[in-house]
Amino acid sequence: MSADSLLDALDPEQRAVATALTGPVCVLAGAGTGKTRAITHRIAYGVRTGVYRPASVLAVTFTARAAGEMRVRLRDLGASGVQARTFHAAALRQLGHFWPRVVGGAPPRLAEQKATLVAEAGRRVGVAVDRIAVRDLSSEIEWAKVSLVTAEDYERAAAAVRRPAPAGQDAQAVARLITAYEDVKTERGVIDFEDVLLLLAAMLAQRGEVADEVRTQYRHFVVDEYQDVSPLQQYLLDQWLGGRHDVCVVGDPSQTIYSFAGATPHHLLTFAGKHPGAQVVRLVRDYRSTPQVVGLANRVLTATRRPGDPVPLHLVAQQPDGPQVRFTGYDDDEAEAAGIAARAARLVASGVPASEIAVLYRTNVQSEAFEQALAAAGLGYQVRGGERFFARRDVRDALVLLRGGARSADPDVPLGQTTRDILTSAGWAPQPPAARGAARERWDAMQALVTLADDLVETRGSATLPDLVAELDDRASVQHAPTVDGVTLASLHAAKGLEWDAVFLAGVSDGLLPISLAQTEAAVSEERRLLYVGVTRARRHLELSFAAARTPGSRASRTRSRFLAGLWPGEDAGRGAGRRASAAADPAVLDRLRQWRAQVADERGVPAFRVLPDVALEAVAAAMPTAPADLRYVQGLGQTRLREYGDALLRVVADAPSPGTGEAGRTKFR
């Protein structure tokens, strides 16, 4: 394949990315627009044209799976030798290389998890920590470290971003805990994952000879998912660059869903200002999803966009028309799980592979109902975030058998047949067992290995058993599991970067999406982006649903998500769904509502969003309620706010000028 022929498979915008080989490049890439294709072809084109030496390129991303996929693509494009790693993997490799020279001896042991260290720190400072508190405090320590916030600065920094205190502790207690946590690590001679980045960045900043060696080695940088970089990761990237500008960043502000963990789109949004002369390329052609799915995705972002928010990329569907997006209301969670399982079974019967179906939800505790419903429907499933594929005992045993077979395999026997013959002794059979449980899970794992062997033959032609073993070893090193033939159950966060033919977005009700813990406007905006990520995981079939009650027979108190106001078809969407605001918000009424909210917030000394969020004001201005009963159907108003503000809202709506009569004066609201 010639260098120029690499460009034949790219659209004009992707080609612009691939040929922008030097200087700062910013790629704003919407969901499904082929960003990985664009950046891997860019690297391969740079190697083929001689602009890049493979060993001089460092591509970093956020998950081992994404890094593994990038390496496979680069290898297939003839660009082996390029380093594609996560931030942590790249930093750990460099830290291990330089530590003996700079510090002496072996690097400190890496603590696999923080729980025992946090528990000990809590005991030292008198902070009671149970299992849940340990988890929350561990996350808070991680946020502080990736945000470059020290214990001394924690109180100020947490207050500046209105970060809620974790585990019922005040900011002073958390600051003391952070200090104690660092002491415990030092005494035990261990470091955590954040320390890997901190220590390497400090080494590069303070030791010129180390920085020179790294910067001589790596001349060209690519950063994927740049909207999710933390201040710590950006600081390390700055040390790698050393003032140079030969970096290509790729991201989408509308897919920032990890702010709670320290991620920020700030660096992506300000990249062009920080790197003068940067080339900015926008990828908006969506090759993943049907126009029906893409249309909903665009509307989710724009329906309630706030002034000052970044203008989202408007996706343009490239796939042919597909089925309409389905919206379904159920009486309770049990009915919702059973309904989704039945729909999934019909899709499988129509020819959609079970592995191409996903059920996505906001919190992991929601998975149990879907596990039970899918098992009752006779469908296999896998839960993302459960036991790692390569950690399973049956998978480890199968790998031992495959390695042994690779030493004596007949090269004249097709790889697929050889793999099937070997794995028969590990639980594989041509047909899956009828029953669910451990036997079916073992068969599913073996079938994933068989399918991977078939895929290797399809992509490489003459693949052999040693090739399969090498592929599995490479995948195991980055936990890039092969596809298991079952319906995927995953949280919306775990679904990032993945896609399926059919997606069920379950539990799209206020309190779950947005989750009740989202109390600030920024947090609610992130929940909206999370819904957008969920919608854009679907290629062809998409269904959104919610349950009006938690259990059968209980009060139907839930309403569908405020993010779907004006998007959910029909006046009713199942019991407890409420009515949708079909009209656009009246600008004059909305302006008066904002004046009223500002006055109330000022009188009470609280931020405006604590009175009512923008989405509620917009829903009121769209619904134009005239009586208390009308307010019950407005999205974003709970019973407490209705009692507190209902009469005032009706007065503001009634007093607002009619369209075309001009603005009302800025009067004091009573």
Side-chain angles (χ1 to χ4, degrees), residues 25-33 35-36 38-39 58-70 84-91 139-140 142-149 161 163 193-194 196-198 201 221-238 240-241 247-272 274-275 280 282-283 301 309-310 312-313 360 362 384-385 478-479 490-499 518 522-523 525-537:
V25 179
C26 178
V27 183
L28 299 175
T33 58
K35 67 178 178 66
T36 305
I39 58 178
L58 178 58
V60 289
T61 187
F62 282 79
T63 66
R65 184 184 185 281
E69 179 184 351
M70 191 178 294
R85 299 179 179 273
T86 64
F87 267 101
H88 282 90
S139 297
E140 193 66 7
E142 182 174 333
W143 171 82
K145 297 187 76 166
V146 302
S147 301
L148 300 177
V149 173
V161 296
R163 190 168 177 86
F193 281 95
E194 293 72 50
V196 173
L197 275 62
L198 283 164
F221 293 85
V222 176
V223 187
D224 193 14
E225 302 289 358
Y226 194 57
Q227 78 280 349
D228 285 331
V229 295
S230 66
L232 172 55
Q233 288 165 330
Q234 180 62 48
Y235 178 60
L236 175 57
L237 178 61
D238 289 340
W240 279 336
L241 287 169
V247 57
C248 173
V249 300
V250 189
D252 178 8
S254 297
Q255 296 187 68
T256 303
I257 59 173
Y258 294 107
S259 294
F260 64 90
T264 170
H266 170 78
H267 305 293
L268 176 63
L269 295 171
T270 59
F271 182 86
K274 182 178 178 180
H275 298 272
V280 179
R282 290 173 172 80
L283 302 182
L301 289 181
D309 285 348
L313 295 168
L360 308 181
R362 178 60 180 85
R384 288 195 64 84
V478 295
Q479 295 299 323
S491 70
L492 286 164
H493 283 99
K496 179 74 167 65
L498 304 175
E499 58 186 77
S525 293
E526 181 136 328
E527 294 286 302
R528 183 185 298 109
R529 295 193 295 271
L530 197 56
L531 174 60
Y532 171 78
V533 166
V535 168
T536 54
R537 299 310 94 194

Self-check item: Distance, nearest 0.5 Å, that separates CZ of Arg85 from CG of Leu58
Solution: 8.5 Å
Quiz item: Is there a donor-acceptor pair under 3.5 Å between the side chain of Ser147 and the backbone N or O of Val149?
Solution: no
Practice problem: Calculate, to the nearest 0.5 Å, the distance between atoms CG and NZ belonging to Asp228 and Lys496 respectively. | Solution: 6.0 Å
Quiz item: Which atom names give the shortest non-hydrogen contact between Glu526 and Ser259, and what distance separates them?
Solution: OE1-OG, 2.6 Å
Quiz item: So, the side chain of Arg362 versus the backbone of Leu531: is there a donor-acceptor pair under 3.5 Å, distance only?
Solution: no
Exercise. For residues Val146 and Gly262, report the shortest heavy-atom separation together with the two atoms involved.
Key: CG2-CA, 4.0 Å
Self-check item: Heavy-atom closest pair, residues Pro231 and Thr264
Solution: CD-CG2, 4.4 Å
Quiz item: At what distance, to the nearest 0.5 angstrom, does OG1 of Thr256 lie from NE2 of His266?
Solution: 12.5 Å
Quiz item: What is the distance from atom CG of Leu197 to atom CG of Leu232, rounded to the nearest 0.5 Å?
Solution: 4.5 Å
Self-check item: Minimum-distance pair of heavy atoms, taken over all atoms of Leu236 and Ala91
Solution: CD2-CB, 4.1 Å
Quiz item: Just checking, is any N or O donor in the side chain of Tyr226 or Gln233 under 3.5 Å from an acceptor N or O on the other one?
Solution: no
Quiz item: Can any side-chain N or O of Gln255 pair as donor or acceptor with the backbone N or O of Arg529 at less than 3.5 Å?
Solution: no
Quiz prompt | Expected output: side-chain His88 to main-chain Phe193 donor-acceptor under 3.5 Å | solution = yes
Quiz item: Atom OG1 in Thr36, atom CD in Glu69: separation rounded to 0.5 Å?
Solution: 5.5 Å
Quiz prompt | Donor-acceptor contact below 3.5 Å, side chain Gln227 vs main chain Asp252 | solution = yes
Quiz item: So which heavy atom on Thr61 is nearest to which on Ala67, and how close?
Solution: CG2-N, 3.5 Å
Quiz item: How long is the gap from NZ on Lys35 to CD on Glu225, to the nearest 0.5 Å?
Solution: 4.0 Å
Quiz item: Taking C-beta and beyond as the side chain, do Val249 and His267 meet within less than 4.5 Å on heavy atoms?
Solution: no
Quiz item: If we only count heavy atoms from C-beta on, is the Val223 to Phe87 side-chain gap below 4.5 Å?
Solution: yes
Exercise. Report the C-alpha distance between Asp224 and Ile39 in whole Å, list the side-chain angles of each, state the deciding distance to 0.1 Å, and finish with yes or no for side-chain contact (heavy atoms from CB on, under 4.5 Å).
Key: CA-CA 9 Å; Asp224 193 14; Ile39 58 178; 4.2 Å; yes
Quiz prompt | Stepwise side-chain contact (heavy atoms from CB on, under 4.5 Å) test for Ser254 and Leu313 | solution = CA-CA 8 Å; Ser254 297; Leu313 295 168; 6.0 Å; no
Quiz item: Salt bridge or not for Glu142 and Lys145, using N-O below 4.0 Å?
Solution: no
Self-check item: side-chain contact (heavy atoms from CB on, under 4.5 Å) between Phe271 and Val247, worked out
Solution: CA-CA 10 Å; Phe271 182 86; Val247 57; 3.9 Å; yes
Quiz prompt | Side chain to side chain, Val229 and Leu268, heavy atoms closer than 4.5 Å | solution = no
Quiz prompt | Beyond-backbone contact of Trp143 with Val161, side-chain heavy atoms, under 4.5 angstrom | solution = yes
Exercise. Compare every heavy atom of Gly534 with every heavy atom of Leu492, then report the nearest pair and how far apart it is.
Key: CD2-CA, 3.7 Å
Quiz prompt | Thr536 side chain vs Val533 backbone, donor-acceptor pair below 3.5 Å | solution = yes
Quiz item: Checking side-chain contact (heavy atoms from CB on, under 4.5 Å) for the pair Trp240/Val60: CA distance, chi angles, key distance, verdict?
Solution: CA-CA 12 Å; Trp240 279 336; Val60 289; 4.1 Å; yes
